Amino acid sequence: MDFWKWYDRQLLAAKQYDIPIYELDWLVLRLTYLDKLDLRLRSPNISQKITPELLTELDQLWQKRLSDRIPVQYLAGSVTWRDLELQVSPAVLIPRPETELIIDIIAEHCQAEIYHNGIWVDLGTGSGAIAIGLAKCFLKAEIHAIDYSRDALEIATLNASNHHQKIHFDHGKWFEPLAKLNLQNKLAGIVSNPPYIPSHQVLNLQPEVQNHEPHLALDGGQDGLDDIRELVNTAPEYLISGGFWIIEMMVGQAQIVRSLLQANGKYKNIQIHQDYSGIERFISAQIN
Ligand SMILES: C[S@@+](CC[C@H](N)C(=O)[O-])C[C@H]1O[C@@H](n2cnc3c(N)ncnc32)[C@H](O)[C@@H]1O
């Protein structure tokens, strides 16, 4: 079949299934390594570049996108996050564009030597995105990354190795692995994008997320704050004086998390940061 005929049919199908057209383009470009402009300008030589086998593969994956609502990133097995190509599978949350900013906020607020030479931990590392981003930013730092999912750690380890980053991966619940490593009062920074969606809302998420992304990565308990409370309450045992703490949160949680930090009494310089859409997405603080 001619590529353009196939493409035009799939544009219509995408509309019918209420799936954004850019996802079709994304999958085509990912699999074919064609240029975006070729697609936009409907370059006549595209058809020749796409072999029948490649078109069959593309079609099979795209039909899964339409019928099974599988995210295109899982179908392709990879995603671009910041300047990183990362492998993803249904064992890990697909790293989101809005999370990219967390690295820039850390870089801006942690310019002192204690941070650049210190020990950092990414709690709930998933694909390893944040830990790898951090390692590329803090070349002399010792980076640890923790996850309770062994399958996620496998992917994160592969991603770190693909990017030639030395990261210490440890399995366990939040601070447990750090206790075993005797890292109390030793960390320059803690970063986390924890599960923060209230349990009842997880069941109402779009099918792509609800049926395909790991619930361990999403479900933050009854009010969404179970894991955030643990991160607020236990982090002071592990951070050095002046140590930096930052997490991502959900729309509407900023003031509650600020109150949790204030009530704890061990934090100062509490700051809320917006994402690219102006949503209060991150909150940072330092240990007294
Ligand atoms: C929202 S995802 C974030 C993944 C990745 N850091 C990112 O930003 O794309 C949360 C991660 O926390 C992990 N997680 C959930 N509960 C955990 C726990 N008790 N201890 C350690 N990790 C946990 C999940 O497996 C998941 O990888």
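Order of appearance sets the numbers: ligands from 1, and atoms from 1 within every ligand. All residue numbers in this chain count up from 1 along the given sequence. Since the structure is predicted, the reported quantities are computational estimates derived from the model, not experimental observations.
- Nearest protein neighbour of atom 17 (C) of ligand 1, counting heavy atoms only, is W174 CZ2, 3.4 Å.
- By the criterion of a heavy-atom distance under 4.0 Å, neither the backbone nor the side chain of D227 is placed next to ligand 1.
- Within the hydrophobic cluster formed by Ile, Leu, Val, Met, Phe, Trp and Tyr side chains joined at under 4.5 Å, directly or through other members, L37 is accompanied by L41.
- G172 counts as a contact of ligand 1, since one of its heavy atoms falls under 4.0 Å from the ligand.
- Looking from atom 11 (C) of ligand 1 to the surrounding protein, the closest heavy atom is G124 O, 3.4 Å.
- The residue from V79, D147, T99 that puts a heavy atom closest to atom 25 (O) of ligand 1 is D147.
- At a cut-off of 3.5 Å, with distance as the only test, no side-chain donor of R82 or T99 sits close to an acceptor on the other residue.
- Residue contacts with ligand 1: S127 is excluded, as none of its non-hydrogen atoms falls under 4.0 Å.
- Ranking the protein heavy atoms by distance from atom 15 (C) of ligand 1 puts L216 O, 3.2 Å first.
- The backbone N or O of E85 lies less than 3.5 Å from a partner atom in the side chain of H163, making a donor-acceptor pair.
- L123 and I246 sit in two unconnected hydrophobic clusters of ILVMFWY residues. Membership requires side-chain heavy atoms under 4.5 Å apart, directly or through other members.
- Residues I287 and I106 do not share a hydrophobic cluster, clusters being chains of Ile/Leu/Val/Met/Phe/Trp/Tyr side chains in contact below 4.5 Å.
- Residue S149 places no N or O, backbone or side chain, under 3.5 Å from any N or O of ligand 1.
- Contacts between A217 and ligand 1 below 4.0 angstrom, taking non-hydrogen atoms only, involve backbone and side chain alike.
- The existence of a salt bridge linking R9 and D59 is excluded, since no basic side-chain nitrogen approaches an acidic carboxylate oxygen closer than 4.0 Å.
- Protein heavy atom at the shortest distance from atom 5 (C) of ligand 1 is T125 O, 3.3 Å.
- For N193, heavy-atom contacts with ligand 1 shorter than 4.0 Å involve the backbone as well as the side chain.
- Both W62 and V79 are assigned to one and the same hydrophobic cluster, defined by single-linkage of ILVMFWY side chains at heavy-atom distances under 4.5 Å.
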